[in-house]
Each structure stands twice: as C-alpha cells, then as structure tokens.
**Student:** 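The structure is given below, and queries will be raised subsequently.
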Amino acid sequence: MDAHTSNIESIDITKIREEFPILLRKISGQPIAYFDNAATSQKPLSVINAISEYYETINSNVHRGIHTLSEEATEAYENSREKVRRFINAQSSGEIVFTKGTTDGINLVASSFGTNVVGEGDEVIISEMEHHSNLVPWQNLCESRRAKLKYIPVNDKGELMMDEFRTMINEKTKLISVVYVSNSLGTVNPISEIIEIAHSFNIPVLVDAAQAAPHMKIDVSTLDCDFLAFSGHKMYGPTGIGILYGKEKHLESMPPYQFGGEMIKSVTYDNTVFNVLPYKFEAGTPNIAGAIVLGTAVDFMERLGHENIHNREMELLAHANKLFSEIGDIRIIGTAENKTSLISFIINGIHPYDTGSILDNFGIAVRTGFHCTQPLIEQRFKLPGTVRASFAFYNTFEEIDRLAAGIRKVKSMLL
Amino acid sequence: MDAHTSNIESIDITKIREEFPILLRKISGQPIAYFDNAATSQKPLSVINAISEYYETINSNVHRGIHTLSEEATEAYENSREKVRRFINAQSSGEIVFTKGTTDGINLVASSFGTNVVGEGDEVIISEMEHHSNLVPWQNLCESRRAKLKYIPVNDKGELMMDEFRTMINEKTKLISVVYVSNSLGTVNPISEIIEIAHSFNIPVLVDAAQAAPHMKIDVSTLDCDFLAFSGHKMYGPTGIGILYGKEKHLESMPPYQFGGEMIKSVTYDNTVFNVLPYKFEAGTPNIAGAIVLGTAVDFMERLGHENIHNREMELLAHANKLFSEIGDIRIIGTAENKTSLISFIINGIHPYDTGSILDNFGIAVRTGFHCTQPLIEQRFKLPGTVRASFAFYNTFEEIDRLAAGIRKVKSMLL
Amino acid sequence: MTETKTIRQKEDQITDDFSLFDDWMSKYEYIIELGKKLPLIDETYRNESYEVKGCQSKVWLNAELKDGLLYYKADSDAVITKGIISLLIEVLSGNKPEDILNADMDFINKIGLKEHLSPNRANGLNAMINKMKNFALKYSGENVN
Amino acid sequence: MTETKTIRQKEDQITDDFSLFDDWMSKYEYIIELGKKLPLIDETYRNESYEVKGCQSKVWLNAELKDGLLYYKADSDAVITKGIISLLIEVLSGNKPEDILNADMDFINKIGLKEHLSPNRANGLNAMINKMKNFALKYSGENVN
Ligand SMILES: Cc1ncc(COP(=O)(O)O)c(C=O)c1O
Ligand SMILES: Cc1ncc(COP(=O)(O)O)c(C=O)c1O
C-alpha cells in the first residue's frame, strides 16, 4: 500500500476536511494536526450550522407547549431520539435517554439501578482499563453499599484477561460494567462475549461506549447489553449531550435519578406521579439544541458510513504503526489485536509532558498524561503518563508523517 | 405615557430586535409575537455566533490538555466562570459550578447537601408557588429521610404569606428553598427578608433564581444566600447549561454529586481523592460550548444593562395590564405589588388550551397549562391551567396590542 | 349501516366539508360548533380510568359494543378538543371494531388539522386515536373469542 | 548581594538573553539546557508535602532561609519543567522574602514563555510561582515576628 493514498474511494478526504473549519487553523505557524480525537472530536459544518439553525428558527422549550415553535422544537427533539434509536438499533425510543454525556449516564445507572441491585457483601466487576467515569462511580457505590469492587486484569498487550474474568464471577456478582473501547489503549474489548458470559449468570452489563460510538456500528439488540452510555462530543456532535440506553424492563424498575419538570406526570403538594419512559429520566429543560443536533451528527456519520470510517481509520493506524516502528526508542502501550485508531506511547527516557509540549510547537495536538485512566497507567503499567495520538477519519497520512518527524525532533532535542 | 413609544432611550428596540433572527419568523402568515419567554428566551446573534465560533476555532476538551487548542478552550471556559462570578457577585470562582440547568443544580443540593443536613423528623420549608424542579426534589428527599415538607402559603394576590412563614420555622427546620421570582405568577418574592429570617435561626437558604436571572441584578453577596441556581437558556444563553452558586463552606462540606473524570485529583484502584472546588462538582466532560457561551449571554445582558432591561419590561407589563383591564372577562392570576413582566390569566369560561390554540393561529406564542406549578394552579387556585404571556425586553407594544386583539377574537369565537 | 357509509366515505365527506373553508378561522368555527354539539358522556365516566392521557385539556372517552358495532361517547373541558373528538367519533363510531382498527385516519392531514389546529394537539390527537383503537382492539378480541 | 543584582535586574538579564533567540526552538533548547543543569533537590524532599500541585509533570520544591535571604531548590521529572523552574529560581533565589513577594514576574510574558512554552504550563507555572511565594510569605512572617 502506498502510504500516502487512501484506497477508500467513498470518502473524499480533501472534500470532507473542508467541512471541518477548525482544521484550517494554524498553531505556531503550522496547520494544526489534531490528534486528540479521543478527548473530543471536531465538528463538521452540518453540525455547527444545525445549532445556529435551531436557535434562528425554532428555539423553544419542548413538550407541553401548544404554540408552533414549541411543537416544532418538540418534533425535532423527538426525531433526534428516533435517529439515535436507529443508530444503535434499540427496540423502542423509550429506551433512549438524553443525558449530559457518558459520565452522566453511568452515574445515573450507578445511582438508580446500582443502589437497587447492589447490597452489602455483593460484588461489582469492572476492568483495570476503565476510564475514571466508569470507575469512580462504582468505587463510590461499593463503598456506600459495603460491596466489593473487582477489576478484570489487563495483560501486557492491554487486553482483558478473559480467563481471569470467568473465575471472578460468583453468586455475589450483581453488576458488570466494562468499557467497549479503551480510551488510553485503543483496545476493542470482546464485549459480546462478556455479555454472554454475564447473562449466563443472569448478571446485567453496562457498556461504556464513549470510544466505540465514533468508530464502529453499535447494535444494542445484537449485543443484548442492559445499559450502554456514550457522549455526543466524541462522535462529531455538540458538547453537553449524551445518550443512555437502557433495557425497558430495567428503566421501568428504576427510581428517577433527578426530580423536576418534564419527568412528572402529575404533582400535588403531597405526592408526585412520575412520567413514562424516557421522560422519567429527563428532569428539567433538556439540552434541546444539543439533543437535536446529536441527530445531525448521527446523520453525518451515516452519510460517511461506518465501514468507510473504519477502513480509513485502520489505514491511518497502520501508517502510524509503520512509521513509529522505524523511529526507535518508542514504546507503544496497548498492542491488542483488535484496536481502534489510537496510539498511546512513550519515548524511552522522555517525559510525556516534554514530548507533548514540543509537538504542540509543531502544530501537533496530542494528549499527554493519564487520560483519565490513572490506575491503569500508574499502577498497572507503572508509567508517569503516556503520549496519546488518537486519529479520526479526517486525519491525513501527511499529518501522521509530521507526527513521526516531530517525534524524531523531540528525541534529538531531549536525548 | 403614549403606549406606543418607549421612554427608554438606552435600548434601541428596532436595532436590538435585529439581533434576534427568530423574531423575523412568520407563524400562520403573521410575524411571530413570542410571549413564551419564561419557558425559554430567544438568543441574540452574539450568542448564536459565539457557539459557531467556538466550534470553528478552539473546540477541544478542557483541562489537563497541554496543546494549544485545549489551553485556549480551558481559558475561555474559566473566563466564562469568572464572568458569571462577577455577574452574581460571588466571592470566588470556586463557588460557581457549571450545571445542566436550574433543575440539575437544585437536585445536586438536595442530594449532596440535603442528605447531609436533613434527618428523620426534620423539616424542610419551600413555598406553595414552587416550580416542580424546586418541589419534587424536596418531596423525594423528605420522603427518603422521613422528614416533613412544609409549604409557605400564598395569598390570593399570589404573594408569600410572610407572617405564616415566620411561624413555620422551628428547631427542626433544616433547610429553606424558595423561588426568587415565580414563573407562573410573576411575583418577586422578598428573598432578602426570607434569608434574614432564616439566618437568624441559622437555617441555610437555597434560592431558585431561574426567573430572576433574566430580569434583575442578582447579588449573592448582598443576599447572603447559601445556594442559588439558574439556567442559561432563560437568560439569552444556550440550552443545557446552568449555574449553581454555593457558599464555599457548604460546597467544601458536601460529598460529590457525580463521579468521573475532571472531579478527581487522583485515582487508584482502591481509593479516590476528589478535586478542589468547583471541579469536585463537575464530573465528566462539561458542556464546554454551553459554558463558554453563557459568558457571552452575560456580556449581552451587561451591554443592555439591568436597569434598561427592567425599565423596558415594566413598560411592557404596564401596557399589557392596561389593555387587559379594558377587555373584560379576564382574570389575572398573580397580582402582587412586585412583579416581573409576566401575566398569567384565564378568560372566564374558556379553557386555556382553547385560548392558546387560537392565539397560535394569529402568530402569538403563549404558554398554557400548569407551567410546572401544578399544585399552585390546581390545588391552590383551583384552575385547570392558565394562559401565560411572559414578556422580554425585545417584545413590542404592537405585539401586545396584537395579543389583546387576539384575546378579544378568542372571546368572540368561543363565548 | 356500515354498508351504506364506510369509514372511508365518512372521511371523504369531512374532507369535502372542510375544503369549503378557505381560512383556518372558518375551520375553527366549524370545529367549535361541532364541539358544542358533542353528545356529553355520562358523569360516571368522567374519572381517571376513562381519561385520555397526553392531552393538555382533560378528555374522557368510553365505547360500547351494540350488535357488533362500536359506539363512542366522549367529553372534554376544552371546546376545540371536543370538536376534534367529535370529528373522530363521527368517522369511527358505529363501525365494526376490525374496521376501526384498520382506519388510517388520513383525513386528519387532509383537512389541515395538524397544521392549523394548534400544535401539541398532535400529541393529544394521537392519544385520542390510540384510546379509540384500544377500545376497538379490546372488542375485536371479544368478538373473536 | 541583592544590592548588586535586584530581581528586576535578573529579569531584565533573562529577557535580554531570550531576545537573542529568533525561534521557539532555540528558546526551548536553552530552557532544556537550563533544566539539565538544575541543582537537584535532596531525595528527602521528593515527597508529597513538597510537591507542587497543578502541574502535569511532578515538581518538588523547597526553600531555606539563610542570613535573611531565601534560597530555593527544586526538581521535576520533566526536563522542560525543570528548565522553567530553573529560570524562576535564577530570578527569585537569594532574595529577601519581601522582595520575592513583591516580584511581578513580568519577564515570563516578555520572553514568550506563556505563548510558546506549551500550554497548560500556564497552570503549572502559576502553581510553581504560588508555591515559591508561599515560602516567601511564611519566612517574611518569621522575620517580622
Ligand atoms: C422558577 C423556575 N424554577 C426552575 C425551573 C427549571 O429550570 P430548568 O428547566 O432550566 O432546569 C424553571 C424553568 O422551567 C423555573 O421557571
Ligand atoms: C472510555 C471513556 N469513558 C467515559 C468517558 C467520559 O465521557 P464524558 O467525559 O463525555 O462524560 C470517556 C471520555 O472522556 C471515555 O473515553
């Protein structure tokens, strides 16, 4: 494969990049090479413009309003929910709850479902590679319930040790919450298998799909997961909006998480009757623009096609891997068979902070540090942090060439 | 006063209206007359454009990033927090927590502070005119703590009965939460007095300022309130963002509300140390665009000036009151001395739904129903709902003339 | 009776009637007239179990089977809602449950109800139709078994 | 000693030095050199109580008063951070606590540290300066009492 041409004809990279105005920016006099996509993706014009369009044409509070704007905003809001339902192939739109983001969704489950099913002496299983957002809520739940939190171990390649996992389950296990794709290693976990095993013991599974949503087709019906959470801002959508999918039977059984407008059916001074799904979990005025425009982000991804996105990103990853292997003194953290387009690495003897600082001066944006997986990086891999370059389909081979050249320069400056 | 000219020279209404693109829309062939401002306000171009600008120039995840975009986004995010701090005159920016909105803020307090201070047999005081968002969280808290929820009664004019309030306080009262401005009556409550009385008994007070923020200068230092919550979308800002102000000593004493990224200082598999204020209460990727652009909304309001906004809105209210009094068969619900620019009413013998439906066909957007204060409307005022016309400074005398004409038409069609 | 006038025919009739009005106001006035004439439901049915959820105004609805045909009665505290439900009853009442279940209620779009008859009605409207069809479902089941 | 070279003078010296570099890379290389020369802090101080919070790299800092003048020692696990703190020490170390408290540290802007020395440093930088000034505050208090 010629490293500098993509064999994906379905995405015209030059053209698609024009849809991302921020990619034209210069940093330190150089065009930006944005490799911090796992933290948040950039947004296409269709998404940016849809926000303006919402505010310029139909902005209004949703539900209960009988005037035209309110009806139009409500329709757009519910249409977006339906788009998301299709996007992840949920059974009903009552299972699609708009949240603030992945963290909000996981906290909702930990609070409303967790306290229902986890009692004293029980056990919750997560993994060693969880993002803080899928770790600290369970630490907190287990502490307050006097339950035990267990971690599926991670091998040196950054893969879950499935044999260990099997032995960790017992009759006290009440909940399993695992990340679909690791944000610091890139590992795509065998989530179907985990769910299958868990269900054979009747244990519900929450999937943290924050890093899966931007990169692969999610199918909650096929996965049969009990809950699944992701964020809009990582999948080309706006900030402040996310999705919690939950099986109807679970959502029905759970108490509301927040209380207020929208989530009630009727209120008296003595008593409140809660609303039906999904509204029971959407207290207060929602992020209306965010929710509607999340639908635009879904449209955008479906226009590109999951297959095309995946293929393009795999080519970028292969190119980067090839260049990195030629540089030397680089240690890649996370070398699983099944990975998304992300490389976490350190240059031997150089602190990630130094690497990131110098790369920034070449206009290259990488993330450095623990990537919100401090125990994984510090306790499991015994590192002071890593440098993470995470690619989106709109990155180019040339940008990756610049990254490789930048790393060589860092080495020559610091070693 | 000539009803059709404003004596406020400081706001050029024709010019300022040009900053609100949605006001040019036609509904049913007529220019929209948007009187649903209490549900959500429209947004000026400066706000709409600031959102696009954020996404087109500095979009990036905040904090911890060392590349330029991340630094710029972080700076803009923290600048906005500082603007909000000044806007409400808080002591320190650690007291300014970005939330999803008023509902989110009140739930945070009910959950993290409420469970700390309210125990079995204790009492919480709210009022009969609370929005569901400042009512249902306390119902829930009191139910789970086996505490008692008491309501400050409302007189026929829609004012809090302060003498009753004084007698309700006792040594079991642990928390008072009251709305600053009623969203369904327009009443401006004597919140300073309430806080003074409460503090003389050492009882903390939360102020629901959702309807105050768009209409008046809020000064938390002068008020000396313990908590105060409001929403961006009602004060010309974006949806999905709000503010919880809390006194540092309270926020320090409270456990986190949500757990995840951002709100931690360090995490190990066994233990988590939480971050300093305000980050302890900002788990997960925040609504970055929303938070930054809330600052733009603050700029917008300060450019207009609280005084100018207030004067203009009082003129609109006076004009509407005058016209309404000439129509006949109208009952206004909420006739307090101190009101914001809002009229809740029913036409005798006509269901609010009928009125709202017909007005919509004249391009007039009002809200009908309980306005998320069902107990107030249904139990206290024994009504099936009201029609609510809530004015913002950008409304015009002509629009109010059309409203009055529309009401006459409704009467002729239905009576 | 259903032989002489099918649901489709009644829908067409209403669509024809409405096509005579050239502004929304006349349509409204007509609907309000219909609303005022709506045969009131018995007091005993004005309670929660007969309430249609999802309308801003209160709507109570009941249905009874007579000789294999389903007859509806309803009331509302809002006149426009009464008018709308009166149209629905006009079309559906007196038909076989099976025919009611199959009705696509397309006339609602044709007469411009959804655009002009005040927004949220879309919700309330669907709720009313659903409740009516639920009665039909219940009684069609009874017929079969 | 402080008579012969004030904080301001040291700042000016550094600003002059930096003005000779015409690209950020030379500035970086200079800072990296400084970093490598930073006198290491004693092992005993490499613990949490001497850690500067708010930097992505670890920074340890201590100060000791000798003859009324304050002397700093520091270390970091990142070289650029070491270089930056070495500049701060160059300017502040060996001065009276009062003078340190009054230093406006304006040279940081002048030499372009904030724009080119990698972003979040703004945070880390402030944290380092704060910690240094806190030492000065503590010892200026001791002087007075
Ligand atoms: C007085 C009052 N309190 C609370 C709220 C809730 O605000 P939000 O829906 O933005 O959370 C509102 C607005 O709906 C309100 O008017
Ligand atoms: C794997 C993973 N889980 C959870 C999160 C939290 O998502 P958010 O910050 O949008 O709530 C992230 C992103 O930061 C992530 O990468």
Side-chain angles (χ1 to χ4, degrees), chain A residues 21-22 25 27 36 39-40 42-43 48 51-52 55-57 59-61 64-69 100-101 103-104 107 132-133 136-137 139-140 151 231 233 238-240 258-261 264 266-269 272 283-285 287-290 353 356-357 360 365 367-369 372 374-375 379, chain B residues 21-22 25 27 36 39-40 42-43 48 51-52 55-57 59-61 64-69 100-101 103-104 107 132-133 136-137 139-140 151 231 233 238-240 258-261 264 266-269 272 283-285 287-290 353 356-357 360 365 367-369 372 374-375 379:
Chain A
I22 204 172
R25 245 201 88 168
I27 304 284
D36 197 16
T40 200
Q42 297 305 336
K43 324 300 174 198
I48 301 173
I51 301 172
S52 306
Y55 286 121
E56 293 181 6
T57 59
N59 172 61
S60 181
N61 214 324
R64 286 159 211 269
I66 62 166
H67 60 80
T68 303
L69 285 190
K100 203 153 75 168
T103 306
D104 193 27
N107 275 275
H132 295 158
S133 292
V136 191
Q139 272 187 347
N140 179 257
Y151 297 89
S231 303
H233 70 94
T239 57
Q258 294 195 319
F259 304 85
I264 58 93
S266 68
V267 179
T268 69
Y269 289 127
T272 290
T285 303
N287 183 349
I288 305 171
Y353 173 81
S357 299
D360 181 53
R367 191 143 289 238
T368 61
C372 290
Q374 188 175 359
Q379 287 179 266
Chain B
I22 204 171
R25 246 201 84 168
I27 303 283
D36 197 16
T40 200
Q42 296 306 336
K43 325 298 174 198
I48 300 173
I51 301 172
S52 305
Y55 286 121
E56 293 181 6
T57 59
N59 172 61
S60 181
N61 214 323
R64 287 160 210 269
I66 61 166
H67 59 79
T68 303
L69 286 189
K100 204 154 75 169
T103 306
D104 193 26
N107 275 274
H132 294 158
S133 291
V136 192
Q139 271 187 347
N140 179 258
Y151 296 89
S231 303
H233 70 95
T239 57
Q258 294 195 318
F259 304 85
I264 58 94
S266 68
V267 180
T268 68
Y269 288 127
T272 289
T285 303
N287 183 349
I288 306 171
Y353 173 82
S357 300
D360 180 55
R367 190 143 291 238
T368 60
C372 290
Q374 188 175 359
Q379 286 179 269

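Every chain is numbered from 1 and lettered A, B, ... according to where its sequence line falls, protein lines coming before strand lines. Below, each value reflects all heavy atoms present in this structure, side chains not excepted, and no hydrogens, waters or symmetry copies.
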**Student:** If we define contacts as heavy-atom pairs under 4.5 Å, which of Thr368(A), Asn59(A), Ile27(A) has the most with chain B?
**Tutor:**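 Highest number of pairs under 4.5 Å: Asn59(A).
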**Student:** Tell me, please, which residues at least two apart from Ala39(B) pass side-chain contact (heavy atoms from CB on, under 4.5 Å).
**Tutor:** Asn61(A), Asp36(B), Arg367(B), Arg388(B)
**Student:** Between Pro238(B) and Ile51(A), is there a side-chain heavy-atom distance shorter than 4.5 Å?
**Tutor:** no
**Student:** Between Gln139(A) and chain B, which part of the residue has a heavy atom less than 4.5 Å away: side chain, backbone, both or neither?
**Tutor:** side chain
**Student:** Who pairs with Thr57(B) by side-chain contact (heavy atoms from CB on, under 4.5 Å), at least two apart in sequence or on another chain?
**Tutor:**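 With sequence neighbours excluded, Thr57(B) shows a side-chain contact (heavy atoms from CB on, under 4.5 Å) to Glu53(B), given in chain and number order.
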**Student:** Given heavy-atom pairs under 4.5 angstrom as the criterion, report whether the side chain, backbone, both or neither of Ser231(B) touches chain A.
**Tutor:** neither
**Student:** Counting only heavy atoms closer than 4.5 Å, note whether Asn107(B) contacts chain A via side chain, backbone, both or neither.
**Tutor:** side chain
**Student:** Can you tell which part of Ile264(B) gets under 4.5 Å to a heavy atom of chain A, answering side chain, backbone, both or neither?
**Tutor:** side chain
**Student:** Answer whether the closest heavy-atom distance between the side chains of Gln258(A) and Asp104(B) falls below 4.5 Å.
**Tutor:**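 Yes; the side chains approach each other to less than 4.5 Å.
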**Student:** Find the distance between OG (Ser52(B)) and CD1 (Ile48(A)) and round it off to the nearest 0.5 Å.
**Tutor:**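 It is 6.5 Å, given to the nearest 0.5 Å.
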**Student:** When heavy-atom pairs shorter than 4.5 Å are enumerated against chain B, which of Val267(A), Asn140(A), Thr285(A), Thr268(A) gives the highest number?
**Tutor:** Val267(A)
**Student:** Pick whichever of Cys372(A), Ala289(A), Gly101(A), Gly261(A) has the most heavy-atom pairs under 4.5 Å with chain B.
**Tutor:** Gly261(A)
**Student:** With a 4.5 Å limit on heavy-atom distance, are the side chains of Ile22(A) and Tyr55(B) in contact?
**Tutor:**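 No; the side chains remain at least 4.5 Å from each other.
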**Student:** Is it the backbone or the side chain of Tyr151(A) that comes under 4.5 Å from a heavy atom of chain B, or both, or neither?
**Tutor:**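 Looking at Tyr151(A), just its side chain touches chain B.
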